[in-house]
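To start, the structure under review is shown below, and the notes come after it.
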Amino acid sequence: MTRALIVIDVQESFRVRPLWETVSDPKIAHQVDRLVRLARRAGDLVVWVLHCEPGTGNTFDPALGHVRLMEELERRDGEPLIHKTSHNAFTTTNLQQLLTERGIHELTVCGLRTEQCVETTTRIASDFGFSVTFVIDATATHPIPHRGAPAHQSAAELLSDPRTLGTDEIIRRTEYALAGRFATIATVDQLEAAALPRA
C-alpha cells in the first residue's frame, strides 16, 4: 500500500449552514463515495478528515453534533479519522506521520472546499514530497463574497451581487493554480477508467 485517499471535510457541518444551497455540487458525497469505493477496491488507505472549531458555538463546534461525515458516507474499521482545526489537513494533525509510517507516497485528495481546505492540503502535501492527484469533480465550494460585501448576506444577496466570485470560476482558478505544479488534475471518471482491467 503506497497510496491513500484523503477525504477532507465532507461533513454535515456544511450542510446545516444557511448558504449550503449555494454550493457548487450538492451531491458531493456521491462523487466522494465513488472515490472511496475505488480506493478500497485498489487496497489503498482511506483517511477521513473533519474540520472542528471547539467552543465556538458554530456548526463546526463538536458540541452541536454536526462534526460528522455526511450521512451518505460510511467509514470502515481501520480507516483513520482525523480532526483538524486549521484549513489544511496537516498543520494541526498527525497526518504526515500517519502517512509516512504506512509507507504512503501518493495521495488522492477530494472534499470541501475546493480552493480552501482541499487546495491548501494539496500544496502542503506536495511540499512534503507526496505525489498528489486532485480530483476536481470530487470537490465542491461556495461563492466568495467581495471583500466589500456586507457581512451575513443571504444566499439571494450573495448570488445577485455582481462582485461575487462564482463557484465555476473558483474551481477553474484552483485547477489552473495546481495543475502541473502541485498536483495532477483528474476526474472521477478518469480514475475509474484507469482502474479498469486491461484487455
Side-chain angles (χ1 to χ4, degrees), residues 3-90 92-95 98-99 107-122 133-144 154-156 158-159 167-168 170-171 174 186-192 195:
R3 293 184 304 188
L5 170 65
I6 313 297
V7 181
I8 303 166
D9 299 352
V10 188
Q11 61 193 80
E12 291 294 338
S13 306
F14 281 105
R15 196 142 57 182
V16 298
R17 298 179 85 196
L19 294 181
W20 174 250
E21 65 186 274
T22 68
V23 75
S24 58
D25 182 5
K27 297 182 179 178
I28 179 66
H30 170 72
Q31 289 291 81
V32 170
D33 186 57
R34 289 173 64 193
L35 281 181
V36 169
R37 292 172 187 271
L38 191 63
R40 288 170 177 164
R41 284 198 300 269
D44 298 341
L45 179 67
V46 178
V47 180
W48 303 91
V49 181
L50 297 177
H51 185 76
C52 62
E53 299 174 6
T56 59
N58 67 29
T59 63
F60 295 99
D61 188 335
L64 272 65
H66 304 304
V67 181
R68 63 183 192 278
L69 296 176
M70 287 188 176
E71 61 183 14
E72 299 92 332
L73 301 172
E74 183 178 355
R75 172 176 163 253
R76 288 186 178 174
D77 289 343
E79 295 176 345
L81 174 65
I82 295 173
H83 290 83
K84 66 180 180 64
T85 56
S86 64
H87 291 309
N88 77 81
F90 286 98
T92 58
T93 73
N94 68 337
L95 179 59
L98 184 156
L99 296 172
L107 302 181
T108 302
V109 296
C110 63
L112 287 162
R113 297 171 167 165
T114 306
E115 82 293 351
Q116 192 180 70
C117 299
V118 190
E119 180 183 7
T120 56
T121 298
T122 297
T133 299
F134 188 95
V135 190
I136 195 74
D137 63 342
T139 72
T141 195
H142 295 83
I144 298 176
S154 68
L158 176 66
L159 295 176
T167 57
D168 288 347
I170 293 167
I171 293 169
T174 303
T187 66
V188 178
D189 285 347
Q190 288 171 337
L191 294 182
E192 286 181 335

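For reference, positions follow the sequence shown, starting with 1.
- In terms of the side-chain hydrogen bond (donor to acceptor under 3.5 Å, both in side chains) criterion, residue partners of Thr141 (sequence neighbours excluded) are, by chain and number, Glu115.
- Leu50 pairs in a side-chain contact (heavy atoms from CB on, under 4.5 Å) with only one of the listed residues (Glu12, His83, Lys84), which is His83.
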When you look at Lys27 and Asp33, which way does the salt bridge (charged side-chain N to carboxylate O under 4.0 Å, His left out) test go after all the steps?
CA-CA 10 Å; Lys27 297 182 179 178; Asp33 186 57; over 6 Å; no
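- At least one side-chain heavy atom of Val47 sits under 4.5 Å from a side-chain heavy atom of Leu95.
- A search for side-chain hydrogen bond (donor to acceptor under 3.5 Å, both in side chains) contacts involving Ser13 returns Gln11, not counting sequence neighbours.
- Rounded to the nearest 0.5 Å, atoms CD1 (Ile8) and OG1 (Thr122) are 6.0 Å apart.
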Could you walk me through whether Asp9 and Val49 pass the side chain to side chain contact (heavy atoms under 4.5 Å, CB included) check?
CA-CA 6 Å; Asp9 299 352; Val49 181; 4.3 Å; yes
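- With values rounded to the nearest 0.5 angstrom, Ile82 atom CD1 is found 7.0 Å from Ile6 atom CD1.
- Residues Pro54 and Asp61 share a closest heavy-atom pair of CA-OD1, 4.0 Å.
- The ring pair (Phe, Tyr, Trp, His ring centres under 6.0 Å) test applied to Phe60 returns Phe14, His51, not counting sequence neighbours.
- Looking only at atom types and distance, the side chain of Asn58 has a donor-acceptor partner in the side chain of Glu53 under 3.5 Å away.
- The nearest pair of heavy atoms linking Val135 to Thr139 is O-CG2, 3.4 Å.
- Residues meeting the side chain to side chain contact (heavy atoms under 4.5 Å, CB included) test with Gln116, sequence neighbours left out: His87, Arg113.
- Between Thr22 and Thr167, the shortest heavy-atom contact is O-CG2, 4.0 Å.
- The stretch residues 28-48 participates, sequence neighbours left out, in no ring pair (Phe, Tyr, Trp, His ring centres under 6.0 Å) pair at all.
- For the atom pair CD (Glu192) and CG (Leu35), the distance works out to 7.5 Å, reported to the nearest 0.5 Å.
- Under a 3.5 Å cut-off, the side chain of Thr114 and the backbone N or O of Ile171 do not form any donor-acceptor pair.
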Are Leu45 and Leu98 close enough, and set up right, to give a side chain to side chain contact (heavy atoms under 4.5 Å, CB included), and what steps lead you there?
CA-CA 11 Å; Leu45 179 67; Leu98 184 156; 3.9 Å; yes
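- Counting only heavy atoms from C-beta outward, the side chains of Met70 and Ile28 approach each other to under 4.5 Å.
- Across every non-hydrogen atom of Val188 and Ala138, the tightest pair is CG2-CB, 4.0 Å.
- Residue pairs meeting the side-chain hydrogen bond (donor to acceptor under 3.5 Å, both in side chains) criterion with at least one partner in residues 62-77, sequence neighbours excluded, are Arg15-Glu72.
- The environment of Asp168 atom CG is sparse: at most 12 non-hydrogen atoms of other residues, nucleotides or ligands sit within 6.0 angstrom.
- Taking both residues in full, the closest heavy atoms of Leu99 and Ala4 are given as CD2-CB, 4.0 Å, listed atom of the first, atom of the second, then distance.
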Test side chain to side chain contact (heavy atoms under 4.5 Å, CB included) on Leu5 and Cys110 and set out the steps.
CA-CA 8 Å; Leu5 170 65; Cys110 63; 4.0 Å; yes
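- Atom CG of Asp137 and atom CG of Asp25 lie 8.5 Å apart (nearest 0.5 Å).
- Nearest heavy-atom pair across Pro80 and Val46 is CD-O, 3.3 Å.
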Run Gln31 and Thr187 through side chain to side chain contact (heavy atoms under 4.5 Å, CB included) and show every step you take.
CA-CA 10 Å; Gln31 289 291 81; Thr187 66; over 6 Å; no
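- Side-chain atoms of Thr121 come within 3.5 Å of backbone atoms of Ala89 as a donor-acceptor pair (strictly under, hydrogens ignored).
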